[in-house]
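What follows is a single structure, written as C-alpha cells, with notes after it.
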Amino acid sequence: MSATVIDGKALAQEVRAEWKGRAERLKKAGMQPGLAVIIVGSNPASSIYVRNKARASREIGIYSEIHEFGENSSQEEVIQRIRELNGNPAIHGILVQLPLPPHFESTRVIESIAIEKDADGFHLYNVGALVAGNTVFPPCTPYGVMKMLEKYAIKVEGQHAVVVGRSNIVGKPMALMLLQKGATITICTSRTRELAEHTARADILVVAVGKPHMITANMVKPGATVIDVGINRLPDGRLAGDVDFESVKERAGYITPVPGGVGPMTITMLLCNTIEAAERQQAVRTQL
Ligand code: GUN
C-alpha cells in the first residue's frame with residue numbers, strides 16, 4: 001500500500017491563513033510586524049532563500065528589510081548593524097542567513113541578536129531554553145516538522161523517533177522537540193555504523209543529511225512516518241531529497257515529498273515566529 005503523502009505546500013497555506021489575521025490585528029493596533037534578514041556574500045542558494053523569505057513576509061503582512069553585505073565585509077560591521085536593528089522599534093525579528101563566509105564566527109554574530117528578536121531561534125539562550133523544554137522561538141525547520149505531525153494527527157508520545165543528522169539548524173533541535181513530546185529518540189549521523197538497523201526501528205524517521213536518496217525502502221519500518229528535510233540538486237538539475245521517495249512511499253505510512261514537503265513549512269514557521277515576536281513586544285510596550 002502506498003503512503004499518504006504529506007502536502008507541505010497546502011499545509012503551509014493553511015498555517016499562513018491562520019496567522020494572517022494576527023498580523024492584521026497588530027497592524028491595526030499600529031504595530032506591523034517587521035523582519036530584518038541579513039545576508040553576507042553571494043551564496044546563490046542563500047540569495048534565493050532570502051528573497052523567498054522577504055516575499056512570503058510581504059504576502060502575510062509583515063514588513064521586511066534585506067540587509068546585504070559583501071563577501072569581504074567585516075564581522076564588526078555586521079554586528080554593528082544587528083545592534084542598530086536590536087534598537088529599531090519597527091523590527092521585531094532578525095535573522096542572519098547561514099552559512100556566513102569562513103572569516104566569520106557565526107556564534108558571535110548570532111549572539112549579538114536581541115533574544116526577543118531571534119526569529120530563527122539560533123541564539124544560545126534560545127538553544128538553552130529548548131534543551132530545558134521551554135522553547136522561546138523554536139527553530140523553523142523542526143518547528144515546521146512538528147506542525148506537520150500535529151496537523152496529520154501523527155502520534156509522537158511513546159513512539160520511537162530516529163533523527164539522521166546532527167546540525168544545529170535541524171538535527172539537534174528536531175531531536176529535542178520530539179523528546180519534549182514524549183518520543184524515544186535515537187540520533188544518527190551520516191557516519192553511523194549499521195545505519196539501517198537504527199532507521200528500521202523508527203516509527204518516525206527524520207532525515208537531514210544532504211545525501212540524495214540515501215534512505216531506501218529496506219531501511220524503513222513498514223507504516224513509518226518518513227520526513228525528508230534534504231534538498232539536493234542532482235547533476236541533471238532536478239531536486240531530490242535524502243529519501244528515495246519512489247521506493248519508500250510503497251513502504252511508509254506517511255511521507256513528505258521534495259520539493260513541496262518540509263521546505264514550505266520552514267518559511268511559514270519563520271513568519272509565525274516573527275508575528276509571535278511582535279505580539280510579545282507589543283505586550284511589553286502596553287505594560288510600560
Ligand atoms: N541556512 C539554511 N537554513 C537556514 C535557516 O533556517 N535559517 C538561516 N538563518 N539560515 C539557514
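One is the number of the first residue; the rest follow in order along the sequence. Whatever order the structure lists ligands and atoms in, that order sets their numbers, starting from 1.
- Residue contact annotation: Tyr49 has no non-hydrogen atom under 4.0 Å from ligand 1.
- Of the candidates Asp120, Val229, Ile169, the one placing a heavy atom closest to atom 7 (N) of ligand 1 is Asp120.
- Ion pairing between Asp236 and Arg238 holds under the 4.0 Å rule for side-chain N and carboxylate O.
- Residue contacts with ligand 1 for Leu270 are absent, since no atom lies close enough (heavy atoms, distance under 4.0 Å).
- Every atom of ligand 1 is numbered from 1 in the order shown, and the set under 4.0 Å from a heavy atom of Leu95 is 9 (N).
- Shown in contact with Val96 at under 4.0 Å from a heavy atom are these atoms of ligand 1, numbered in order with element: 8 (C), 9 (N).
- A salt bridge links Glu76 and Arg108; the closest N-O separation between the charged side-chain nitrogens and carboxylate oxygens is under 4.0 Å.
- One finds no salt bridge joining Glu24 and Lys28 here, because no Lys/Arg side-chain nitrogen approaches an Asp/Glu carboxylate oxygen to under 4.0 Å.
- Salt bridge status for Glu157 with Lys181: absent, with no side-chain N to carboxylate O gap under 4.0 Å.
- Scanning all protein heavy atoms for the shortest distance to atom 11 (C) of ligand 1 gives Gln97 NE2, 3.4 Å.
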- Apply the test side chain to side chain donor-acceptor pair (under 3.5 Å) to residues Arg81 and His67: give CA-CA distance (whole Å), side-chain angles for both, the deciding distance (0.1 Å), then the verdict. CA-CA 9 Å; Arg81 182 71 58 86; His67 295 255; 2.9 Å; yes

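- Looking only at protein heavy atoms, the nearest one to atom 1 (N) of ligand 1 is Leu98 O, 2.9 Å.
- For the residue pair Thr216/Ser247, the side-chain donor-acceptor check at 3.5 Å is not satisfied.
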